Amino acid sequence: MRISSLAIAVPLLLLTVSCRQDMQDQPKYKPLGANRFFADGRDARPIPAGTIARDELNDTDSFHTGEANGTFLDTIPLKVDSKLLHRGQERFDIYCSPCHGRTGDGNGMVAQRGVKIPADFHTDRLREVPPGYIYKVIKNGYGAMGDYGDQIPVNDRWAIVAYVRALQLSRDATLDEVPPDQRSQLSEERQPQPGAAR
Amino acid sequence: MSQYFSRGANSIARITIFALVVALCSVLWLGYLIVRSPYEMMQNEPREQPVPFSHEHHVGGLGIDCRYCHTTVEDSSFANIPATKICMNCHSQMWATSPMLEPVRESYRTGKSIEWTRVNDLPEFVYFDHSIHVHHGIGCTTCHGRVDKMPLTWQAAPLTMEWCLNCHRHPERYVRPLDQVFSMDYAPPPDQIAFGKRLVREYHIQSLTSCSTCHR
């Protein structure tokens, strides 16, 4: 009797040897971790007042503001190539398409569900705004649209600007404007896309 | 004087010793199984959250990309929980008076963090980097499951070391094309192993299984 209860108790005791969790839960700060030491309960500390920015602040030049001498930049300050446009397309689809729609006409899923319907990119007003204007709207928001400066880094904002321009051009482009070597590819892909029809 | 023990007692004694060893091992084995069970790992168990956020609605229903909210997943080891501001991009207008979203509005008003419960919580002796995985063709759903079908979020994988190593030893079984990493409904091709081996070469994926890869 005594031996059998010992036979159960010893293994059970052995099971408890790993019950300390010091390695599992180390006393260190983690991204977005909770912290009872600080009044706001966060591991992440705000930057102390008076901190001087090094290296990355650069938020006053035209590349970062979209403006020069009080007017919007009328060019995209990056080399606009297919790589930039594809990046812009990807980022546009992530951050902008929920409201603006994949084609930029303002019928994104979220817009359909109740936020203020955003402006259609394919209007004369928005076709004519300078790139710096679009950049600034991404960075600072506009009307009911919140700012996306925190979600989209500077280069990606300009990539999106380039892609918005491409979307606008594509709406009214004729086949003659497409480089001759890509025309056949275009007519192959010309099947009507659901949602793109107007 | 009669014998205290019958002839059979020898056998009973042998069987008892043998049974004791078996019992001891079984208890240890059972403990091992329990410690690694989905129950103990809290796998497939929706977590209570301050706001009943539904990935099913936001990802599956609205088609919002993972990166709209988890903005750092491509650049950082840590895939961030979005700032309250990101929720408010839409919810300043939609469901703007819903009592369910009051914790979000309160956080936005006061600057106080929403205290979400962590769902995929690795032990802190494990180093894990999201960015390297998404840049080498490991899809979100490979580890996180079909998040677009989770009304409340749960941990889809066991997150045991065995599970990590399973992929680190055989990345060709799980790797997918880079443009499909954030896709929810990606299905591997029938010839995944051959296809995977090609991607492993193309993306320069190494089978990293040394201790210090993850325990640094």
Side-chain angles (χ1 to χ4, degrees), chain A residues 3-4 6-19 21-28 30-35 39-44 46 86 90-99 102 108-116 141 144-153 156, chain B residues 16-17 19-21 23-32 34-35 57-58 61-72 74-83 85-96 110-116 118 121-126 179 182 215:
Chain A
I3 288 188
S4 64
L6 210 68
I8 295 173
V10 169
L12 284 178
L13 273 174
L14 279 174
L15 284 180
T16 65
V17 293
S18 60
C19 280
Q21 297 282 306
D22 295 4
M23 291 284 280
Q24 177 113 10
D25 303 310
Q26 298 170 13
K28 64 182 178 188
K30 291 180 296 177
L32 305 188
N35 192 319
D40 63 2
R42 299 172 192 165
D43 274 350
H86 278 111
E90 186 190 65
R91 299 293 123 173
F92 180 90
D93 287 348
I94 297 170
Y95 296 108
C96 315
S97 73
C99 293
R102 296 229 161 181
M109 277 300 270
V110 174
Q112 291 173 32
R113 300 295 179 94
V115 300
K116 189 165 176 285
M145 169 183 155
D147 62 276
Y148 279 72
D150 288 339
Q151 276 158 284
I152 311 175
D156 285 347
Chain B
T16 310
I17 291 169
L20 259 176
V21 173
L24 187 80
C25 293
S26 318
V27 169
L28 286 175
W29 179 245
L30 192 71
Y32 174 78
I34 290 172
V35 164
H57 169 66
H58 289 85
L62 300 176
I64 295 175
D65 191 281
C66 310
R67 293 164 285 184
Y68 184 92
C69 301
H70 304 290
T71 49
T72 65
E74 290 175 296
D75 310 311
S76 162
S77 64
F78 183 69
N80 64 313
I81 300 300
K85 155 76 175 52
I86 295 183
C87 307
M88 293 301 278
N89 278 347
C90 300
H91 288 295
S92 57
Q93 300 175 59
M94 298 171 88
W95 302 101
T110 62
K112 202 171 157 289
S113 299
I114 305 173
E115 292 187 32
W116 300 101
R118 190 156 185 168
D121 197 5
L122 286 179
E124 284 165 26
F125 47 79
V126 178
D179 61 356
F182 294 91
H215 305 292

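Every chain is numbered from 1, with letters handed out A, B, ... down the list of sequences. These figures come from a predicted structure and were not determined experimentally.
The candidate from Gln112(A), Met145(A), Arg91(A), Lys116(A) with the greatest count of non-hydrogen atom pairs under 4.5 Å with chain B is Arg91(A).
In this structure, His86(A) places its NE2 atom where only 12 or fewer heavy-atom neighbours from other residues, nucleotides or ligands lie under 6.0 Å away. Around CD of Gln26(A), the count of heavy atoms belonging to other residues, nucleotides or ligands within 6.0 Å exceeds 12.
Of the atoms belonging to Asp147(A), heavy atoms from both backbone and side chain fall under 4.5 Å from chain B. Both the backbone and the side chain of Tyr68(B) come within less than 4.5 Å of a heavy atom of chain A. Of the atoms belonging to Ala144(A), heavy atoms from both backbone and side chain fall under 4.5 Å from chain B.
Between Leu32(A) and Phe78(B), the closest side-chain pair of non-hydrogen atoms falls below 4.5 Å. Side-chain contact between Asp179(B) and Glu90(A): absent, with no pair of heavy atoms (C-beta onward) separated by less than 4.5 Å.
Considering OH of Tyr148(A) and CG of Asn89(B), their distance stands at 4.0 Å, rounded to 0.5 Å. With rounding to the nearest 0.5 angstrom, the OG1 atom of Thr71(B) is 8.5 Å from the CG atom of Asp150(A). How far CZ of Arg67(B) is from CG of Asp93(A): 9.5 Å, rounded to the nearest 0.5 Å. One finds the OG1 atom of Thr72(B) at 11.5 Å from the CD atom of Gln151(A) (value rounded to the nearest 0.5 Å).
When all heavy atoms are compared, the tightest approach of Val110(A) to Leu62(B) is CG2-CD1, 4.2 Å. Of all non-hydrogen atoms in Asp25(A) and Glu124(B), the two that sit nearest each other are C-OE1, 3.5 Å. Smallest separation of non-hydrogen atoms from Met23(A) and Phe125(B): O-CD2, 3.3 Å.
Applying the side-chain hydrogen bond (donor to acceptor under 3.5 Å, both in side chains) rule to Ser113(B) yields the partners Arg42(A); only residues at least two apart in sequence or on another chain are considered.
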